[in-house]
S.K.: 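First the structure, then my questions, so here it is.
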Amino acid sequence: MITIIPVVTKKQRAEFIDFPHALYLGNPNYVPELFIAQSDLLNPKKHPFYKHSEAQLFLAYKDSKVVGRIAAIWNNRHNSINNLNEGQFGYFDSIDNQEVADGLFDAALGWIREKGGNNIVGPINLSTNETCGLLVEGFDMPPMAMMPYNSPYYLDLISNYGFDKKVDLLAYNVRTETASTRAVQLMDRLEERLGRSGIKLRTINLKDFKNEAAKIREVYNKAWDKNLGFVPMTDEEFDYIAEDLKMIVDPRFCIIAEKGEKIIGFAVGIPNVNEIQINIKRGRLLPTGIFKLLFGKKNIKSLRVLMLGVLEGYRKLGIEACLYGRIIRNAKPAGIRGAECSWMLETNYLMNHAIEQINGELYKRYRLYEKAI
C-alpha cells in the first residue's frame with residue numbers, strides 16, 4: 001500500500017533530502033547534493049525564496065520505506081510578474097512504479113489546486129534560479145555542478161500521468177582541444193573593435209565582490225527578462241546565491257563586459273565541483289567530505305558556464321562570443337579540458353548559434369513539462 005504524507009518535521013525533511021542516495025545506490029553517474037545546502041534551501045526559515053512564496057514537500061512510503069518524493073511550489077513572484085496562475089513541481093524522485101509517481105503527482109496537484117492554480121510546470125527545484133528540468137538525453141555521464149540527474153524511466157512516469165512537453169533546455173559540451181581556434185583567434189580583433197566603441201572586457205574583482213555582485217545582479221535581472229518563466233531575483237536571493245558561488249568562483253572564468261563604469265554583460269564559469277562531490281558519501285561534509293572538497297578543488301578539470309547575459313541594445317555586437325572566447329582562452333593554461341554551457345532554451349537561437357560556432361556539441365537535453373489542472 002502506498003502512503004503519501006506532507007513533510008512537517010525536521011526528521012522528515014532529512015528523509016526527503018536523503019532519499020535519492022538510496023534510490024541511486026550503485027549508479028556511477030549519481031552525484032549526491034550537499035546535505036547542508038539542501039537543508040537550507042528547503043528550510044522556510046533560512047532561504048529568502050520563502051519570504052514571497054511557499055512550497056510543500058511530500059514523501060511516498062511503501063511498507064514504512066520511503067519510495068518517492070516531490071515538492072509542490074507556489075511562486076507568487078512568478079505568477080504576478082508573468083500574469084499567470086500556475087504552480088510548479090520539483091524534487092521529483094521515485095522508484096520505477098507508476099502508482100508511486102501518480103500518488104506524488106496527485107498530492108502536488110491537489111495542493112496547487114487548493115491555491116487556485118490552473119496549471120502545473122516542472123521539474124523546477126524551487127525556482128528557475130535553481131536546478132530545473134528533467135534529463136531526457138545524456139544519461140551516460142554525471143551531471144555538471146548545479147545540474148540535475150535522473151534515471152531514464154522518469155520520462156514514462158511523467159508522460160503516463162498526462163504531462164506534455166513545455167520546452168527543452170540544452171547543454172553544450174565545449175572541449176578545449178576541439179574548440180574552434182579560429183573563433184578564439186578572432187577574439188582579439190573583435191575585442192579591439194569593441195574597444196573603439198568604449199566596450200572593454202575584464203575579469204571579476206573578488207576584492208570588491210559585493211559591489212561587483214550588485215552590478216551583475218542588475219544585468220542578470222534585465223538580460224533574462226524575456227526568457228520563458230524567468231523571475232527576477234530579489235536582492236536577498238541574489239546575494240544568497242552569490243555568497244555560495246564566491247566560495248568556488250575562479251576570477252579567470254568570470255568575465256565582465258563594461259562600457260565606461262557600466263556593466264553591460266557578463267559570463268560566469270564555475271569549477272565543476274561535482275568531480276569532487278561524486279565521492280562525498282550522502283553529501284555529508286563531516287567527517288571527511290570537507291577535506292575532499294577543500295583539497296580536491298585544485299584538481300578539477302572541467303567548468304560549467306552557468307550564466308551569460310548581455311543587456312538588450314548591446315547584443316549582436318560580438319560581446320557574447322568574446323565572453324565565451326575569454327573563458328576558453330583562460331581554460332587551457334589552467335588545465336581545464338572542457339566546459340559545459342548550460343542551460344540554454346531551445347528557442348534561444350542566437351546564443352545556441354554562438355556556442356555552435358566555437359564547436360560546442362549539444363550533448364544533454366533537459367525538459368520542462370506542464371499539465372492543466
S.K.: Between Asn129 and Tyr220, do the side chains contain a donor N or O and an acceptor N or O under 3.5 Å apart?
M.R.: yes

S.K.: Considering only heavy atoms from C-beta outward, does the side chain of Arg365 approach that of Glu346 to under 4.5 Å?
M.R.: yes

S.K.: Hey, are the side chains of Met247 and Asp244 touching, using non-hydrogen atoms and a 4.5 Å cut-off?
M.R.: yes

S.K.: Identify the heavy atoms of Leu194 and Leu317 that sit nearest to each other, and give their distance.
M.R.: CD2-O, 3.7 Å

S.K.: Return the minimal non-hydrogen interatomic distance between Thr203 and Ile255, and the atom names on each side.
M.R.: CG2-CD1, 3.9 Å

S.K.: Testing the basics here: between Ser94 and Ala101, what is the closest heavy-atom pair and its distance to 0.1 Å?
M.R.: OG-N, 4.0 Å

S.K.: Judged by atom type as modelled, is there a donor-acceptor pair below 3.5 Å linking the side chain of Tyr50 to the main-chain atoms of Leu41?
M.R.: yes

S.K.: With distance as the sole test, does Asn75 use its side chain to make a donor-acceptor pair with the main-chain N or O of His78 at under 3.5 Å?
M.R.: yes

S.K.: Is it true that the side chains of Arg77 and Ser53 contain a donor and an acceptor less than 3.5 Å apart?
M.R.: no

S.K.: Are Tyr314 and Tyr324 connected into the same hydrophobic cluster when the rule is that any two of I, L, V, M, F, W, Y join if their side-chain heavy atoms are below 4.5 Å apart?
M.R.: yes

S.K.: Under the ring pair (Phe, Tyr, Trp, His ring centres under 6.0 Å) rule, what pairs show up with a residue in residues 106-133, not counting sequence neighbours?
M.R.: none

S.K.: Would you sort out whether Trp343 and Met147 count as a side-chain contact (heavy atoms from CB on, under 4.5 Å), showing the intermediate values?
M.R.: CA-CA 9 Å; Trp343 47 262; Met147 290 295 284; 4.3 Å; yes

S.K.: Check whether any side-chain N or O of Asn221 sits under 3.5 Å from a backbone N or O of Met233 as a donor-acceptor pair, and report yes or no.
M.R.: yes

S.K.: Answer yes if the side chains of Asp208 and Asn205 hold a donor-acceptor pair under 3.5 Å, and no otherwise.
M.R.: no

S.K.: Determine, for Lys62 against Glu99, whether the closest basic-nitrogen to carboxylate-oxygen distance falls under 4.0 angstrom.
M.R.: no

S.K.: Would you say Ile36 ends up clustered with Val31 if hydrophobic residues are merged whenever their side chains have heavy atoms under 4.5 Å apart, either directly or through other cluster members?
M.R.: no

S.K.: Do any N or O atoms from the side chain of Asp63 and from the backbone of Lys65 form a donor-acceptor pair under 3.5 angstrom?
M.R.: no

S.K.: Which residue in the set Pro142, Pro28, Pro143 passes side chain to side chain contact (heavy atoms under 4.5 Å, CB included) when paired with Ile278?
M.R.: Pro142

S.K.: Going from CG on Leu57 to CD on Glu15, what distance comes out if it is rounded to the nearest 0.5 angstrom?
M.R.: 12.0 Å

S.K.: Can you find a heavy atom in the side chain of Leu245 that is under 4.5 Å from one in the side chain of Ile241?
M.R.: yes

S.K.: Tell me whether Glu320 is salt-bridged to Arg315, with the criterion being a basic N under 4.0 Å from an acidic carboxylate O.
M.R.: no

S.K.: Looking at residues at least two apart in the chain, or sitting in another chain, which of them share a salt bridge (Lys or Arg N to Asp or Glu O under 4.0 Å) with Arg252?
M.R.: Asp250

S.K.: So, do Lys262 and Lys215 sit near enough that their side-chain heavy atoms are less than 4.5 Å apart?
M.R.: no

S.K.: Which heavy atom of Thr131 sits nearest a heavy atom of Asn125, and at what distance?
M.R.: OG1-ND2, 2.8 Å

S.K.: Does the distance from a Lys or Arg side-chain N to an Asp or Glu carboxylate O, for Lys371 and Asp164, drop under 4.0 Å?
M.R.: no

S.K.: If you group Ile, Leu, Val, Met, Phe, Trp and Tyr whenever their side-chain heavy atoms sit less than 4.5 Å apart, what else falls in with Leu84?
M.R.: none

S.K.: So how far is it from Glu258 CD to Ile319 CD1, rounded to the nearest 0.5 Å?
M.R.: 11.5 Å

S.K.: For the side-chain hydrogen bond (donor to acceptor under 3.5 Å, both in side chains) test, which of Glu340, Glu356, Glu361, Lys364 pairs with Tyr172?
M.R.: Glu356

S.K.: Over all heavy atoms of both residues, which pair between Ala213 and Ala242 is shortest? Give the atoms and the distance, please.
M.R.: CB-CB, 4.4 Å

S.K.: Mind running side-chain contact (heavy atoms from CB on, under 4.5 Å) on Ile120 and Gln88 for me, showing each step along the way?
M.R.: CA-CA 5 Å; Ile120 184 170; Gln88 292 86 37; 5.6 Å; no

S.K.: Mind checking what makes salt bridge (Lys or Arg N to Asp or Glu O under 4.0 Å) contact with Glu130, not counting sequence neighbours?
M.R.: none

S.K.: Could you tell me which residues satisfy side-chain contact (heavy atoms from CB on, under 4.5 Å) with Ile5, sequence neighbours excluded, listed by chain and number?
M.R.: Thr3, Gln12, Leu59, Tyr61

S.K.: What do the steps show when you test Asn150 against Leu134 for side-chain contact (heavy atoms from CB on, under 4.5 Å), and what is the final call?
M.R.: CA-CA 7 Å; Asn150 56 265; Leu134 187 84; 3.6 Å; yes

S.K.: How many angstroms lie between NE2 in His353 and CE in Met351, if you round to the nearest 0.5 Å?
M.R.: 11.5 Å

S.K.: Compare all side-chain heavy atoms of Tyr30 with those of His21 and state whether any distance is below 4.5 angstrom.
M.R.: yes

S.K.: Is Glu218 salt-bridged to Lys222, going by a charged N under 4.0 Å from an acidic O?
M.R.: yes

S.K.: Does any part of the side chain of Val305, heavy atoms only, come nearer than 4.5 Å to the side chain of Val268, both counted from C-beta?
M.R.: no

S.K.: Decide, yes or no, whether a salt bridge links Arg202 with Glu212 under the criterion of side-chain N to carboxylate O below 4.0 Å.
M.R.: yes

S.K.: Measure the shortest side-chain to side-chain distance between Tyr149 and Leu135 over non-hydrogen atoms and say whether it is less than 4.5 angstrom.
M.R.: yes

S.K.: Taking only residues two or more places apart in sequence or in another chain, which ones pass ring pair (Phe, Tyr, Trp, His ring centres under 6.0 Å) with Phe105?
M.R.: Phe89, Phe92, Tyr161, Phe163

S.K.: Begin with the C-alpha distance, continue with both residues' side-chain angles, and end with the deciding distance and a verdict on side-chain contact (heavy atoms from CB on, under 4.5 Å) for Phe139 and Asn29.
M.R.: CA-CA 8 Å; Phe139 299 98; Asn29 296 314; over 6 Å; no

S.K.: Any link between Tyr240 and Phe238 through a network of hydrophobic side chains (Ile, Leu, Val, Met, Phe, Trp, Tyr) touching at under 4.5 Å?
M.R.: no

S.K.: Can we say Arg217 and Glu237 salt-bridge, meaning some charged N sits less than 4.0 Å from an Asp/Glu carboxylate O?
M.R.: no

S.K.: Nearest 0.5 Å please: distance from the NZ atom of Lys46 over to the CG atom of Leu42.
M.R.: 11.5 Å

S.K.: Using the six-membered ring of Phe16, assess whether NZ or CZ of Arg69 lies under 6.0 Å from its centre and within 45 degrees of the ring axis.
M.R.: yes

S.K.: Can you measure from SG (Cys254) to CE (Met307) and round to the nearest 0.5 angstrom?
M.R.: 9.5 Å

S.K.: Without swapping roles, check the side chain of Asp93 against the backbone of Gly68 for a donor-acceptor pair under 3.5 Å.
M.R.: no

S.K.: Within the distance-only criterion (no hydrogens, no angle test), does the side chain of Gln38 pair as donor or acceptor with the backbone N or O of Glu33 below 3.5 angstrom?
M.R.: no

S.K.: Measure the shortest side-chain to side-chain distance between Val174 and Ile355 over non-hydrogen atoms and say whether it is less than 4.5 angstrom.
M.R.: yes

S.K.: Rounded to the nearest 0.5 Å, what's the gap from OG on Ser159 to OH on Tyr154? Could you check?
M.R.: 14.5 Å

S.K.: Aromatic ring centroids of His52 and Phe49 under 6.0 Å?
M.R.: yes

S.K.: Answer yes when Arg329 and Glu191 have at least one side-chain N-carboxylate O distance shorter than 4.0 Å, and no when they do not.
M.R.: yes

S.K.: Please report the shortest heavy-atom distance between Pro123 and Arg367, naming the atom on each side.
M.R.: CD-O, 3.7 Å

S.K.: I'd like to know if the side chain of Ser80 reaches the main chain of Asn76, judged simply by a donor and an acceptor atom lying under 3.5 Å from each other, with no hydrogens or angles considered.
M.R.: yes

S.K.: Is the number of heavy atoms from other residues, nucleotides or ligands under 6.0 Å of Lys200 NZ greater than 12?
M.R.: no

S.K.: Under the 3.5 angstrom rule, does the side chain of Asn272 hit a backbone N or O of Ala145 as a donor-acceptor pair?
M.R.: yes

